*Asks:* 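The structure under discussion is supplied below as structure tokens; questions concerning it will follow.
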Amino acid sequence: MTTYYNHKKIEGKWQQKWEQQPLNQAVDFSKNFKKYVLDMFPYPSGEGLHVGHPEGYTATDIYSRYLRMNGFNVLHPIGWDAFGLPAENYAIQQKVHPQKSTKKNIEYFRQQIKSLGFSYDWSREINTSDPDYYCWTQWLFLQLYKKDLAYKKKAPVNWCKDCKTVLANEQVIDGKCERCNHQVIQKDLEQWFFKITAYAEELLKEIDKLDWSQALKNAQKNWIGRSEGALIKFQVSNSKRIIEVFTTRPDTLFGATYMVLAPEHQLIQELKEKITNWPEVEKYIKQARNKNQMERTDLAKEKTGVELKGIKAINPATKKEIPIWLADYVLTSYGTGAIMAVPAHDQRDWEFADKYHLNKKVVVYNPNYIKDEYIENGGFLPQAMEEEGEVINSNGCGDFAMDGWPTEKAIKEVISILERKKLGKAQTQYKIRDWLVSRQRYWGAPIPIIYCDKCGVVPVPEKDLPVLLPDDVDFKPTGESPLVRSKKFHQVKCPKCGSAARRESDTMDTFVCSAWYFLRFCDPQNSKEIFNQKKIKYWLPVNLYVGGMEHAVGHLIYARFITKALRDAGFLNFSEPFLKIRNQGIILAEDGRKMSKRWKNVINPDKVVEEYGADTMRMYEMFMGPLEDHKPWDSKNIMGIRRFLEKVYKLINFFKSPSSSADEKTERLLNKTIKKVTADIEELKFNTAISAMMELVNYFTSPQQKLTAKQLETLVKLLAPFAPHLAEELWQKLGHKRSIFKESWPKFDPKLVIDEKVTVVIQVNGKLRATIQVKRGVGEKELKELVNKQAQIKKHLKGKEIKKFIYIKDKLVNLVI
RNA sequence: GCCGAUGUGGUGAAACUGGUAAACACGCACGACUCAAAAUCGUGUGCCUUAUGGGUUUGUGGGUUCGAGUCCCACCAUCGGCACCA
């Protein structure tokens with residue numbers, strides 16, 4: 001490496017200066033326009049920063065520095081998402097207390113982040129595992145409890161045997177634990193939930209108003225999973241009992257030839273007496289329970305089930321008795337946990353009916369198919385599945401008879417008849433489930449609840465917060481929360497009646513801590529309240545939020561939910577926390593695969609900073625490609641950026657005699673570059689902003705250029721957000737005492753970004769044949785003459801007739817012959 | 001199965017509302033400097049070709065247009081989200 005540019009010396013020097021005289025502090029209530037630019041705060045793992053982290057962090061840093069130079073009051077904070085399973089597992093593995101290892105990890109992360117020169121407002125640093133922070137996480141829990149948005153319920157939940165804790169649906173990927181990759185099983189446990197489903201409709205509806213990527217919006221929409229349909233009541237024969245089902249196709253009610261209950265359905269226990277094959281049924285229920293999520297939801301597997309003999313249900317339209325089955329292809333957690341099966345028009349019901357020889361009745365006919373064949377086949381033709389058509393075979397169903405009605409109309413009509421007869425109603429269903437927030441692990445915020453034999457569930461009074469995490473327990477997971485083992489913690493007096501009571505021993509999912517952290521940055525030291533509402537009003541919502549796509553359906557839904565819940569509790573006056581989100585792409589290894597210890601292809605950011613410098617690292621990651629794309633690391637390409645910075649360094653350090661007057665051509669290019677870099681930063685297109693600067697520098701360094709001091713200063717300013725250390729150094733070299741980040745962003749002269757001469761392309765039949773230089777704004781007549789003089793063109797026109805002459809001003813001519 | 005994104009040189013990629021495809025960078029080749037190497041600088045570099053020219057090229061096949069990487073239709077491939085959700 002060349003000796004001109006000593007990045008270690010320069011970067012160390014400026015980092016120290018910035019530490020002593022912070023330039024980045026956000027000012028509450030400043031009259032300047034505010035911008036809140038946020039990174040997804042890191043989870044301080046034991047491995048330290050990954051090269052992926054600086055990608056998003058550099059993007060927001062460039063943007064923040066740019067905004068400050070444009071006079072904005074910018075809140076650009078950082079903190080630590082410090083609670084949670086990985087941190088605890090790491091501590092167990094290292095045989096230290098998580099408090100200790102987390103503290104150490106944070107120190108390492110902080111040092112690494114500082115080594116990259118990010119302009120965070122360090123006075124606002126937060127740590128979710130700090131009692132000053134989790135006090136308010138607990139307070140938040142109490143507010144939700146007050147509003148009935150936090151509740152305890154026994155429910156089948158996801159259980160990871162290896163982590164020995166329950167998991168939220170969002171933490172189960174393909175039936176496996178997100179963290180340890182072990183199979184997740186279902187367990188019936190009493191657990192705490194947040195009622196996110198209460199906001200399902202609003203969460204869905206407001207997505208379209210947000211400036212997010214289509215992929216992100218789509219992921220959330222799918223997760224919320226809205227579908228419209230009807231709830232329909234089926235009477236059990238000779239009984240007052242009702243089986244309620246949800247269906248999106250009430251128009252197929254005539255074709256419901258049997259019913260299916262999920263194995264966990266309550267009614268089965270209630271009808272136990274009437275079921276004649278109880279031992280068989282009980283055996284099936286047991287089998288279903290022992291299956292893990294994977295086995296149960298595997299689409300490839302054959303469907304199984306057992307009939308509930310001795311009982312029947314009545315189809316409310318046909319009035320016919322139909323059998324009731326039990327099968328694990330019906331999920332207990334969606335709809336009512338029971339379905340009306342329409343085997344002629346639903347693939348799953350078809351497969352099941354086929355196996356157990358159940359009746360199929362065709363009730364929707366699609367004119368695209370041959371009627372006889374269709375009916376003979378029992379409705380199911382692969383192409384015809386779930387298609388719309390018209391009602392058939394509804395005659396004899398009394399009020400319900402509606403043969404020939406198109407699907408859409410029939411759906412409405414069936415619902416209206418059902419409503420009239422009080423047999424059903426229109427219903428909207430969501431796939432999203434309530435958020436399971438309790439964890440049987442040590443390293444989290446204790447749930448602020450006390451159980452009293454006399455008073456029942458008693459929330460901890462707000463004045464008693466925080467409920468401190470005890471440090472006198474063996475925190476190893478056993479399946480029961482380790483907090484139970486701390487007597488001091490567990491045994492308390494009831495805040496209501498004073499008698500002996502016990503504390504809730506579960507801790508909160510770490511995603512609760514991260515669902516509100518962006519609010520705390522506005523008022524991080526407040527010990528009286530979660531935040532000052534005026535400060536929130538000033539700073540929120542977040543103007544730009546950058547982070548990984550992996551948080552699409554977890555964190556980003558939770559944060560939106562908490563925002564809405566706090567709004568309804570009167571603490572916030574806005575509904576959406578993040579107006580604009582960009583997801584940085586994954587930086588792949590040089591071999592094109594994901595970086596992984598297993599493949600031994602991980603790039604260590606410390607080494608890159610050591611070897612090339614923070615400025616090179618930052619700029620290289622921005623130069624690799626569009627922010628949101630996945631891009632492979634290339635240790636050769638990074639040299640291109642290093643060379644570029646060397647070039648700038650040399651240009652300014654060894655520039656001998658600045659010219660007193662600016663050359664016009666140079667001024668034009670410089671102004672165009674200002675325009676381009678400015679526009680690109682606004683759109684977060686940093687890769688092309690860098691190319692534009694490279695072109696400028698290539699021109700500046702080409703032989704015999706006359707440059708003014710002002711021109712060099714402008715270049716350094718443009719570079720400043722990208723390579724802050726080098727820019728600060730060069731700024732000083734150019735004779736300035738004050739930091740470059742106190743300077744204002746360069747403006748371009750609109751007159752100078754338009755060239756006087758333009759290149760007009762001449763095509764013959766759409767093919768490029770020549771180009772000519774003309775003055776801007778040349779008319780068609782004049783141009784025609786010029787074109788006719790071109791030898792190249794004459795050649796192509798020889799003996800041919802020009803049919804059409806197309807002229808796009810200042811751009812192109814196309815001769816059609 | 002449903003939904004979304006992407007597809008351009010040897011590589012990372014660029015191309016404004018349809019108007020010179022491949023900017024910028026890496027790599028490579030050749031040259032300069034050097035005893036030599038590294039670094040640096042200069043020149044060239046999509047592919048084919050009978051080469052001061054011509055042909056051809058943005059996943060595939062069609063279409064619209066004077067003109068398509070860009071718009072429309074169909075298809076293929078890769079990646080991602082959801083999924084026995086009734």
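As the structure is a computational prediction, the values presented were derived from the model and not from experiment. Lettering of chains follows the sequences in order, A, B, ..., and the numbering in each one begins at 1.
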*Asks:* Nearest to the side chain of A:Asn222 - B:A14, B:C3, B:C24?
*Replies:*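 From the listed options, B:C3 comes nearest.
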
*Asks:* Would you call A:Lys650-A:Glu646 a salt bridge at under 4.0 Å N-O?
*Replies:*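 Result for this pair is no, no salt bridge flagged.
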
*Asks:* Using a cut-off of 4.0 Å on non-hydrogen atoms, how would the nucleic acid contact of A:Ser333 be classed: base, sugar-phosphate, or nothing?
*Replies:*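 The answer is nothing, as A:Ser333 stays clear of every strand by at least 4.0 Å.
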
*Asks:* Find the partner of B:A74: check Watson-Crick (N1-N3 plus N6-O4 or O6-N4) and G-U wobble (N1-O2, O6-N3) distances, both under 3.5 Å, and reply none if neither fits.
*Replies:*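 WC or wobble partner is B:U60.
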
*Asks:* Distance check: side-chain N/O of A:Lys804 vs OP1/OP2 of B:C66, anything under 4.0 Å?
*Replies:*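 Yes, within the criterion.
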
*Asks:* CG of A:Leu588 versus C1' of B:U6: gap in Å, rounded?
*Replies:*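 Roughly 14 Å, once rounded to whole Å.
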
*Asks:* Determine: side-chain N/O of A:Arg643 to OP1/OP2 of B:G27, distance under 4.0 Å, yes or no.
*Replies:*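 Answer yes for this pair, as a side-chain N or O of A:Arg643 is under 4.0 Å from OP1 or OP2.
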
*Asks:* From the options B:G19, B:C82, B:C26, select the nucleotide whose nearest atom is closest to the side chain of A:Asn814.
*Replies:*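 It is B:G19.
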
*Asks:* Relative to each other, are the rings of A:Tyr649 and A:Tyr5 parallel, tilted or perpendicular (30° and 60° limits)?
*Replies:*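 The rings of A:Tyr649 and A:Tyr5 lie parallel, inter-plane angle below 30°.
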
*Asks:* Give A:Lys431 one of three labels, base, sugar-phosphate or nothing, depending on what nucleic acid heavy atoms sit under 4.0 Å from its own.
*Replies:*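 The answer is base, as A:Lys431 lies within the cut-off (heavy atoms under 4.0 Å) of a base atom.
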
*Asks:* Quick one: is B:G55 close enough that its OP1 or OP2 comes under 4.0 Å of any side-chain N or O from A:Arg769?
*Replies:*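 Looking at the OP1 and OP2 atoms of B:G55, one of them is under 4.0 Å from a side-chain N or O of A:Arg769.
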
*Asks:* Which of these nucleotides, B:U40, B:A86, B:C26, is closest to any side-chain atom of A:Val330?
*Replies:*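 So the nucleotide nearest the side chain must be B:A86.
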
*Asks:* Could you tell me the Watson-Crick or G-U partner of B:C33, where both distances fall under 3.5 Å? Say none if there is no partner.
*Replies:*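 Its partner: none found.
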
*Asks:* Does the plane of the ring in A:Tyr558 sit parallel, tilted or perpendicular to the ring in A:Trp435? Use 30° and 60° as the thresholds.
*Replies:*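 If you compare the ring of A:Tyr558 with that of A:Trp435, the planes turn out parallel.
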
*Asks:* Please work out if A:Asn698 contacts a base, only the sugar-phosphate, or nothing of the nucleic acid, heavy-atom cut-off 4.0 Å.
*Replies:*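 A:Asn698: backbone/sugar contact only, no base atoms under 4.0 Å.
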
*Asks:* Please compare A:Glu695 and A:Met624 by the position of their nearest nucleotide in RNA chain B and report the one closer to 5'.
*Replies:*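 Of the two residues, A:Met624 wins.
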
*Asks:* Select base, sugar-phosphate, or nothing to describe what A:Arg433 touches, counting heavy atoms under 4.0 Å on all strands.
*Replies:*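 If one applies the 4.0 Å heavy-atom cut-off, A:Arg433 turns out to touch a base.
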
*Asks:* Quantified in whole Å, what is the C1' atom distance between nucleotide B:G27 and nucleotide B:G10?
*Replies:*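 Pairwise C1' distance, B:G27 against B:G10, rounds to 8 Å.
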
*Asks:* Consider the side chain of A:Val816, meaning its heavy atoms from C-beta on, and name the nucleotide among B:C82, B:G12, B:C66 that approaches it most closely.
*Replies:*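 The listed nucleotide nearest to A:Val816's side chain is B:C66.
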
*Asks:* Does B:U17 have a Watson-Crick or wobble partner in any strand here, with both distances under 3.5 angstrom, and which is it?
*Replies:*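 Matched B:U17 with nothing under the 3.5 Å cut-off.
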
*Asks:* Quick check for you: among B:C82, B:A86, B:U20, whose closest atom lies nearest to any side-chain atom of A:Leu768?
*Replies:*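 My answer, after comparing the listed nucleotides, is B:U20.
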
*Asks:* How would you label the contact of A:Phe623 with the nucleic acid (heavy atoms, under 4.0 Å): base, sugar-phosphate, or nothing?
*Replies:*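 Answer is base: heavy atoms of A:Phe623 come under 4.0 Å of a base.
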
*Asks:* Would you indicate what A:Val245 reaches in the nucleic acid, counting non-hydrogen atoms under 4.0 angstrom: base, sugar-phosphate, or nothing?
*Replies:*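 Nothing, no nucleic acid heavy atom in range.
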
*Asks:* From the set B:G4, B:A13, B:U20, return the single nucleotide nearest to any side-chain atom of A:Gln214.
*Replies:*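 Closest nucleotide among those given: B:G4.
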
*Asks:* Could you measure between the two C1' atoms, the one in B:U8 and the one in B:C47, and give it in whole Å?
*Replies:*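 That atom pair is separated by 14 Å.
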
*Asks:* Go ahead and name the base partner of B:A39; Watson-Crick or wobble counts if both distances stay under 3.5 Å, otherwise write none.
*Replies:*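 Answer to the pairing question: none, since B:A39 forms no Watson-Crick or G-U pair.
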
*Asks:* If you find the nucleotide of RNA chain B closest to A:Lys685 and the one closest to A:Gln763, which residue's nucleotide is nearer the 5' end?
*Replies:*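 Closest to the 5' end, via its nearest nucleotide, is A:Lys685.
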
*Asks:* Run the side-chain contact (heavy atoms from CB on, under 4.5 Å) check on A:Arg249 and A:Val342 step by step: do they pass?
*Replies:* CA-CA 10 Å; A:Arg249 291 294 296 273; A:Val342 186; over 6 Å; no

*Asks:* Quick check for you: among B:U40, B:G12, B:A86, whose closest atom lies nearest to any side-chain atom of A:Asp346?
*Replies:*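 Side chain of A:Asp346 sits closest to B:A86.
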
*Asks:* What is the distance, rounded to the nearest whole Å, between atom CG of A:Leu812 and atom P of B:A15?
*Replies:*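 Rounded to the whole Å, the gap is 20 Å.
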
*Asks:* Counting the atoms with a prime plus P, OP1 and OP2 as sugar-phosphate, which does A:Asp349 contact under 4.0 Å by heavy atoms, base, sugar-phosphate, or nothing?
*Replies:*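 Nothing, no nucleic acid heavy atom in range.
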
*Asks:* Using the C1' atom on both, measure B:U45 against B:C24 and round to a whole Å.
*Replies:*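 Straight-line distance between the two C1' atoms is 15 Å.
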
*Asks:* Report the base-pairing partner of B:A86 (Watson-Crick or G-U wobble, both distances below 3.5 angstrom), or none.
*Replies:*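 By the stated definition (distances under 3.5 Å), nothing pairs with B:A86.
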
*Asks:* Does this structure show an ion pair linking A:Arg289 with A:Glu264, if we count only N-O contacts that are shorter than 4.0 Å?
*Replies:*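 Answer for the salt bridge query: no.
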
*Asks:* Between the side chains of A:Asp354 and A:Lys360, is the shortest nitrogen-to-carboxylate-oxygen separation below 4.0 Å, so that they form an ion pair?
*Replies:*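 Salt bridge present between A:Lys360 and A:Asp354.
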
*Asks:* Using the ring of A:Trp599 (Phe, Tyr or Trp, six-membered ring only), decide whether A:Lys594 places NZ or CZ under 6.0 Å from its centre and within 45 degrees of its axis.
*Replies:*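 Not flagged: A:Lys594 not positioned over aromatic ring of A:Trp599.
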
*Asks:* Expressed in whole Å, how much space separates the P atoms belonging to B:C30 and B:C66?
*Replies:*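 Going atom to atom, P in each nucleotide, I get 49 Å.
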
*Asks:* When the C1' atoms of B:A68 and B:C16 are compared, how many Å lie between them, rounded to an integer?
*Replies:*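 Between the two C1' atoms, the distance is 16 Å.
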
*Asks:* Across the strands shown, which category fits A:Glu351 at heavy-atom distances under 4.0 angstrom: base, sugar-phosphate, nothing?
*Replies:*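 If one applies the 4.0 Å heavy-atom cut-off, A:Glu351 turns out to touch nothing in the nucleic acid.
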
*Asks:* Using the P atom as the point on both nucleotides, what is the distance between B:G81 and B:A74, in whole Å?
*Replies:*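 Rounded to whole Å, the distance is 27 Å.
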
*Asks:* Need the pair for B:A23. Rule: Watson-Crick or G-U wobble, both distances under 3.5 Å, any strand; none if unpaired.
*Replies:*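 Partner of B:A23: none.
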
*Asks:* Determine the interatomic distance between P on B:A14 and the same-named atom on B:A23; round to the nearest Å.
*Replies:*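 About 13 Å, rounded to a whole number of Å.
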
*Asks:* Can you identify which nucleotide, out of B:C66, B:A25, B:U20, has its nearest atom closest to the A:Met694 side chain?
*Replies:*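 Nearest nucleotide to the side chain: B:A25.
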
*Asks:* Verify, without hydrogens or angle tests, whether A:Lys631 (side chain) and A:Glu621 (backbone) share a donor-acceptor contact under 3.5 angstrom.
*Replies:*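 Pair absent, no side-chain N/O of A:Lys631 close to backbone of A:Glu621.
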
*Asks:* Among B:G27, B:C66, B:A13, find the nucleotide with the atom closest to the side chain of A:Lys636.
*Replies:*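 Given the options B:G27, B:C66, B:A13, the side chain of A:Lys636 is closest to B:G27.
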
*Asks:* So, does A:Asn765 get its side chain near the phosphate of B:G67, meaning an N or O under 4.0 Å from OP1 or OP2?
*Replies:*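 It does not, given that no N or O in the side chain of A:Asn765 lies less than 4.0 Å from OP1 or OP2 of B:G67.
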
*Asks:* Quick one: which of B:C26, B:C66, B:A83 gets closest to the side chain of A:Asn637?
*Replies:*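 My answer, after comparing the listed nucleotides, is B:C26.
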
*Asks:* Do any side-chain nitrogens or oxygens of A:Thr759 fall under 4.0 Å of OP1 or OP2 in B:U20?
*Replies:*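 Answer is no, no contact under 4.0 Å.
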
*Asks:* Can you check the A:Leu669 CG to B:A23 P distance for me, whole Å?
*Replies:*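 So the CG-P distance, A:Leu669 to B:A23, works out to 17 Å.
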
*Asks:* Using a 4.0 Å heavy-atom cut-off across all strands, classify A:Lys767 as base, sugar-phosphate, or nothing.
*Replies:*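 A:Lys767: backbone/sugar contact only, no base atoms under 4.0 Å.
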
*Asks:* Report the distance from atom CD of A:Glu628 to atom C1' of B:A5, rounded to the nearest whole Å.
*Replies:*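 Going from CD in A:Glu628 over to C1' in B:A5 covers 11 Å.
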
*Asks:* Between B:C79 and B:U40, how many Å separate the two P atoms, rounded to a whole number?
*Replies:*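 Rounded to whole Å, the distance is 38 Å.
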
*Asks:* Glycosidic conformation of B:G54, syn or anti, with 90° from 0 as the boundary?
*Replies:*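 The base of B:G54 is oriented anti (glycosidic angle more than 90° from 0).
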
*Asks:* Assert yes or no for the condition that the ring centre distance of A:Tyr356 to A:Tyr258 is strictly below 6.0 Å.
*Replies:*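 No, they do not, as the ring centres are separated by 6.0 Å or more.
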
*Asks:* Under a 3.5 Å cut-off for both contacts, is B:C79 paired Watson-Crick or G-U wobble with anything, and if yes, with which nucleotide?
*Replies:*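 Base partner found: B:G4.
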
*Asks:* Check the distance between B:A14's P and A:Lys631's NZ and give it to me in whole angstrom.
*Replies:*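 So the two atoms are 10 Å apart, to the nearest Å.
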
